[in-house]
Structure formats: structure tokens, C-alpha cells
Amino acid sequence: MSVRTRFAPSPTGFLHVGGARTALFNWLYARKHGGAFILRIEDTDAARNTDEAYSVIYQGLHWLGLQWDEGPEAGGNFGPYFQSQRNAIYEKHLATLEAKGVVYEDAGTIRFRSPRKTVVVEDLVCGKISFDMSNPVTHPDMTIRRPDGSWIFHFVNVVDDIEMQLTHVIRGEDHLSNTPKHVELYDALGAKPPQFAHIPLILNHEGKKLSKRDGGSSITHFIDGGYAPEAVANYISLLGWSPKDNREFLSLEEIRELFTLENINRRSAIFDLDKCFWLNGQYLLHMSLERFAELTLPFIDKAGIAYGSKEALLPALAIVKPKVKHLSDVPDWIGYLFTEDYAFDPAAAEKALRKTGALDRLAQLKAAFATVAEWTHPALETKLKETAEQQGVKTGEFIHPARVAVSGRAVGPGLYEMLEVLGKDRVLARFDRANAEFSA
RNA sequence: GACUCUAUCGUCCAGCGGUUAGGACACCGCCCUUUCACGGCGGAUACACGGGUUCGAAUCCCGUUAGAGUCGCCA
């Protein structure tokens, strides 16, 4: 029987890193074993479902590169993939339970009568765990249907996993205590339970289970915050799982090859934004310029930077790519390359341009640069160093004023690369502008 | 409270009876250097506690403590 896994989120309008990792692990396991990864929307609580809430889930998964084989947008032979559209199926299974006499009515609700036995769960991650379900006080009969006819999670979740022929249920450990109840339902419905794999939780900084309140942990936050999807996927894969050889920089393809349920640990993890940030920088540093441009373009367009053509943009991106840590930083880092109306950072100007002799250096450098025939990084470097030597001062005396003059700021790409990208005319003009602005 | 799970640097991850307890992020030095990064070198920091088992325990067992999860007409 081929592997079938699923991600079954509720459309809360929010996809956090914990849910994303659950989706990732299910996707990895299915892909690794040549099986199917299914997306099912658990929207039984119709009151809060909105179109936007659904699309947050789709966008998040698409962004991470987790394509589903069956589900919304994809179709499949086991649909519909929205629980809100599966009422007839639930009615059918409820009838099965009724025929067996294991459900009863209580204040308008329908409850499932527990067999009151010990249930042993064989979990692929947690091992064998037994639950004594005999005490009705501590383990009350679960409600499976509300008085208004709507269904409760435990029941529809189990019914759908049966109907959709899931072989493996990989989900957060917060469901471990629910599992014996689910197993009772599988038994009552005459179905064999799937293999369970409960993965450790991802905790917030208080050490508690992640919730909607932890806004910084939403995938939307990472998308808008300028993270590369490959970096985030890599990072979250390392929460609870590892290749066991201390490697950390892994592509989704490599992870897919190495991934096993056996290598998932049991310990809950706190999400470490610092490390995710670092990994993102590593990805931006090492990815191709094409990929960098692709990821960065939405941010540049949003900022309204008039870069003209892609041919003009690429060199600018090339020089900031090794420096930025967030894609969302790129507009700020390249903005001054595409306008003559750039602002001078007061502190930078104070230090580099208002300094005694700074404008003289600028004038000397302008004269020297004016003679440069081949406007390239190495030629400019040679010329600047030569000029510094002639004047008997350290190269920094020229470098800092030049940097601030052409960019308005003290921090940026390598000076010579920046000068090369700007081109001779603009650099000389900017020297003039700086001189005019600070000579008073 | 009951049940279940967990317990190695601040954080993430190795370790699965014998290691100077390893790697990464963060932190602190130094180097590189035109800024900021990157990179390189070095440093500080961990086996929760108590009992066993064993020649030998971070590793196996029991207990304690601590944390988390579940116990819904949320999913």
C-alpha cells in the first residue's frame, strides 16, 4: 500500500511555523516514499471561515514549495477536501455507529460511548504508549456532533483519515493524548488505524505551544519580512529532526533524501529567530543572482524603485547580495543607486564630509578619477590608492568621503563596486553635489 | 487535579555503556578589511537532582523536581 499523508489545518487565517513544519514533515515523508501528500481543510467550525483564511494556507504552502497531490486547487479522487462539504460522508459513518449502539444523545449532542479499555498506541516517534480509558470521570465520552448538526473534530478527522485512506498520520504531539480516543473510533468504525507519528511541538519564547497570538511566528511574517522560502524550510526542518551528522545547510532535496521518522527527536523546541535569520543570510549569500533577483523583485517593485531595466538592476543586486540579510532590506540598499535625489545620513556626513580636508580629498579624487579611462573596480582601486599615496595619507581618507558622497551613507556595498555600477558620469556629478552641499 | 510526554551549553541539534561531552546560532576576544557583512582563529557556557544496575553511566532502571501537552458543543 503506497504512503498517503496529509496536512489538515483549520482555516484560522494564520499558518504558523509549527503547522508549516507539520506540513513539511508530511510532505517529506510522502515524497520520500513516492506517496501522496494531501491537503484537507478542517473547516467544521463554519463561523470563522473566510476566503482569506483559506488562501493564507495555500500561499504559505506554495511559498515553502510544498505542493499537494490532492486537495483544494489540486482535486483528487477522495474529495471534497473541505470538511464543510462532506456532511453526507459523516452521516453515513454516524449511521454505522448508531447501528452498533455506541452513540447516544445527551442534551442535544451526540456522544460516542467509550469501550472503557486500555488503548495502546504504537507511535513511530514516541514508541508504545498505553492509555487507561476506563475511568469515565477522567476520560468522559467524547461529543461527536453538536445540537445544530455540525461535527466535532475528533469524529470527522478520523472519518476523513479512513475515507481518504491515509497510511500515516504525522501531527503535533498536542494530539498524542487525543489519539486513544481516535483509536476507539477507528475500532468502532471497523477500520485499521493508520501509523501515528507525533512530532514534538515548536514552542514560543515562553516555552508554550505556539498560538495565533505569537504573530512573529506566522509564515506570512516570514514572507513579508524578506526571508527566502528555502531558508525557512531548511530551518524548520531542523526543529525536531536532524541528519545526525551535524550538517545544517541542507536543500529541500537533500532533506527529502535524508528524512526519516526515526530521526525525529522527542523534545519540544523553542523557535530561534536568530538562527533562522543567520540561515537566511547564508542562503541569500550563496544563491544565484537570478534567484536573488526573482525573490527580491516584489520588494523592489513595492518600494517603487525606478530601476529602468533588469539589465540595470542586476549589477546593483550583485553588489548588495553578499551584504543583506533580508530580501526586504534590498530596496533600501539599492535605492540611492537609482536616483540622484538621495539623502545624506547626518551622522555619516558629519564624520566623513564635514571633517577638515574631506572636501579637498573629494576634489583630488574627482580630478584623479576624471582621468580613468577604463571605469572598472580594479582600475578605480588602483587610482584611489595611487592618489592617497601621492597625498601621503591613508586610503581611508579618500574612501570614506567618497562613499558618503556617492551614497549618502556610511554603510553599503564595497566602494569600488559601487562606483563601477554608478558609472563615471554619475560618480563625478555626485562628488560635485556633495561638495556643493557641504562646502558651506 | 488526572493522564501522557520531555529533561545535554542561553537556543537548536549530535551523543544511543568507556569521548579532553561534538557542531551551529547568539555572546566575548583576535585576524582579515574601504564601511557593513563574509571568512579565519581562539574563548566562555551544558549532561536538573537522588538512588540503583555495571569494572565503568550523559547514555539503562526507579524516584524526585521542573517544564510542556491533553482532559471542549476549538481544531
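Chain A is the first sequence line, chain B the second, and so forth, proteins listed ahead of strands; every chain is numbered from 1.
- Out of B:rU35, B:rC5, B:rU34, the shortest distance to the side chain of A:Y416 is found at B:rU34.
- Residue whose closest nucleotide on RNA chain B sits further toward the 5' end, between A:K323 and A:D245: A:D245.
- With hydrogens and angles ignored, no donor-acceptor pair under 3.5 angstrom links the side chain of A:R267 to the base of B:rU6.
- Residue A:G412 is classed as a base contact, given a heavy-atom separation below 4.0 Å to a base.
- Close to B:rC74, at under 4.0 Å from its OP1 or OP2, lies a side-chain N or O of A:R146.
- Between the P atoms of B:rU19 and B:rC30, the separation comes to 36 Å (whole Å).
- Rounded to whole Å, the separation between the P atoms of B:rC27 and B:rA37 comes to 10 Å.
- Comparing B:rC12, B:rU35, B:rA75 against the side chain of A:E248 picks out B:rC12 as the nearest.
- An OP1 or OP2 oxygen of B:rA14 is reached within less than 4.0 angstrom by a side-chain nitrogen or oxygen of A:S242.
- The same atom, P, is picked in B:rC41 and in B:rU4; the two are 49 Å apart, to the nearest Å.
- Nucleic acid contact class of A:A269 (heavy atoms, under 4.0 Å, all strands): sugar-phosphate only.
- B:rA57 and B:rA21 are spaced 13 Å apart, taking the C1' atom of each and rounding to whole Å.
- If you check distances only, the side chain of A:S177 does reach the base of B:rG69 with a donor-acceptor pair under 3.5 Å.
- Across all strands shown, B:rC16 forms no Watson-Crick or G-U wobble pair with both key distances under 3.5 Å.
- Out of B:rC5, B:rU35, B:rA37, the shortest distance to the side chain of A:R403 is found at B:rU35.
- Among the protein residues, A:L415 comes within range of the nucleic acid bases, having at least one heavy atom under 4.0 Å from a base atom.
- Here A:Y227 and A:Y235 keep their ring centres 6.0 angstrom or further from each other.
- No more than 12 heavy-atom neighbours from other residues, nucleotides or ligands sit within 6.0 angstrom of NZ on A:K351.
- Within 4.0 Å (heavy atoms only), A:G414 reaches at least one base atom of the nucleic acid.
- Judged by a 6.0 Å distance limit and a 45° cone about the ring axis, A:R4 is positioned over the six-membered ring of A:F78.
- Using a 4.0 Å heavy-atom criterion, one finds that A:F131 contacts the sugar-phosphate atoms exclusively.
- Remark on RNA chain B: of its neighbouring residues A:C276 and A:Y235, the 5'-side contact belongs to A:Y235, judged by nearest-heavy-atom nucleotide.
- Residue A:P140 is classed as a sugar-phosphate contact, given heavy-atom separations below 4.0 Å to backbone atoms only.
- Nucleic acid contact for A:D174: sugar-phosphate only, since backbone atoms but no base atoms lie under 4.0 Å from a heavy atom of the residue.
- B:rC32: no Watson-Crick or G-U partner with both key distances under 3.5 Å is found in any strand.
- Salt bridge status for A:D432 with A:K366: present, with a side-chain N to carboxylate O gap under 4.0 Å.
- With both pairing distances under 3.5 Å, B:rC74 is matched to nothing as a Watson-Crick or G-U wobble pair.
- B:rC38 is unpaired under the Watson-Crick or G-U wobble criterion, no partner having all donor-acceptor distances under 3.5 Å.
- Of all nucleotides listed (B:rC13, B:rC38, B:rC74), B:rC74 comes nearest to the side chain of A:I152.
- For B:rA68, the OP1/OP2 oxygens have no side-chain nitrogen or oxygen of A:R266 closer than 4.0 Å.
- Not one N or O on the side chain of A:T5 forms a donor-acceptor pair closer than 3.5 Å with the backbone of A:H168.
- The partner of B:rG69, taking Watson-Crick or G-U wobble pairs whose two distances both stay under 3.5 Å, is B:rC3.
- If you check B:rA57 for Watson-Crick or wobble pairing at under 3.5 angstrom, you find it has no partner at all.
- Among the atoms of the strands shown, none is found under 4.0 Å from any heavy atom of A:R40.
- Ring-plane geometry between A:F277 and A:H326 is classed as perpendicular, the angle between the planes exceeding 60 degrees on a 0 to 90 degree scale with a lower cut at 30.
- A:K275 has no side-chain polar atom (N or O) that falls below the 4.0 Å cut-off from OP1 or OP2 of B:rA24.
- As rounded to whole Å, 13 Å separates atom C1' of B:rG69 from atom NZ of A:K181.
- Between A:S268 and B:rG67, a side-chain N or O to OP1/OP2 separation shorter than 4.0 Å is absent.
- Here, B:rG52 and B:rG43 have their P atoms 37 Å apart, quoted to the whole Å.
- Note: CG (A:L201) to P (B:rU6) measures 12 Å, nearest angstrom.
- Cation-pi geometry between A:R433 and A:Y342 is satisfied (NZ or CZ under 6.0 Å from the ring centre, within 45° of the ring normal).
- Distance, A:I319 CD1 to B:rA37 P: 17 Å, rounded to whole Å.
- Atom-to-atom, OH of A:Y336 to C1' of B:rU35 comes out at 10 Å; the value is rounded to the nearest Å.
- Within the 6.0 Å centre-distance limit, the rings of A:F249 and A:H286 are counted as a close aromatic pair.
- Distances shorter than 4.0 Å separate none of the side-chain N or O atoms of A:K321 from OP1 or OP2 on B:rA37.
- Close to B:rU70, at under 4.0 Å from its OP1 or OP2, lies a side-chain N or O of A:K209.
- Backbone-only engagement by A:H400 is indicated by non-hydrogen atom pairs under 4.0 Å involving sugar-phosphate atoms exclusively.
- Note on A:N265: a side-chain N or O is less than 4.0 Å away from OP1 or OP2 of B:rC13.
- Note: CG (A:L239) to P (B:rA24) measures 18 Å, nearest angstrom.
- The side chain of A:Q282 places an N or O atom within less than 4.0 Å of a non-bridging phosphate oxygen (OP1 or OP2) of B:rG39.
- Nucleotide B:rU64 has B:rA48 as its partner under the Watson-Crick or G-U criteria, with both atom distances under 3.5 Å.
- Contact annotation for A:T143: backbone-only contact, meaning every heavy-atom pair under 4.0 Å involves sugar-phosphate atoms and none involves a base.
- When the P atom is used for both B:rA58 and B:rG51, the distance is 14 Å, rounded to whole Å.
- As a whole-Å value, the separation of A:L176 CG from B:rC5 C1' is 7 Å.
- Under 4.0 Å is where a charged nitrogen must lie from a carboxylate oxygen, and between A:R111 and A:D106 at least one such pair does.
- The nucleotide B:rU11 finds its pairing partner in B:rA24, both defining distances of the Watson-Crick or G-U wobble pair being shorter than 3.5 Å.
- Between the C1' atoms of B:rC9 and B:rU34, the separation comes to 37 Å (whole Å).
- In this structure, A:F153 has its ring center under 6.0 Å from that of A:H182.
- Atom C1' of nucleotide B:rA2 and atom CE of A:M133 are separated by 13 Å, given to the nearest angstrom.
- A:F249 places its CZ atom 20 Å from the P atom of B:rC13, with the value rounded to the nearest Å.
- Across B:rU59 and B:rA7, the matching P atoms stand 11 Å from one another, rounded to whole Å.
- Closest contact between the side chain of A:I399 and the listed nucleotides B:rG69, B:rC73, B:rU34 involves B:rU34.
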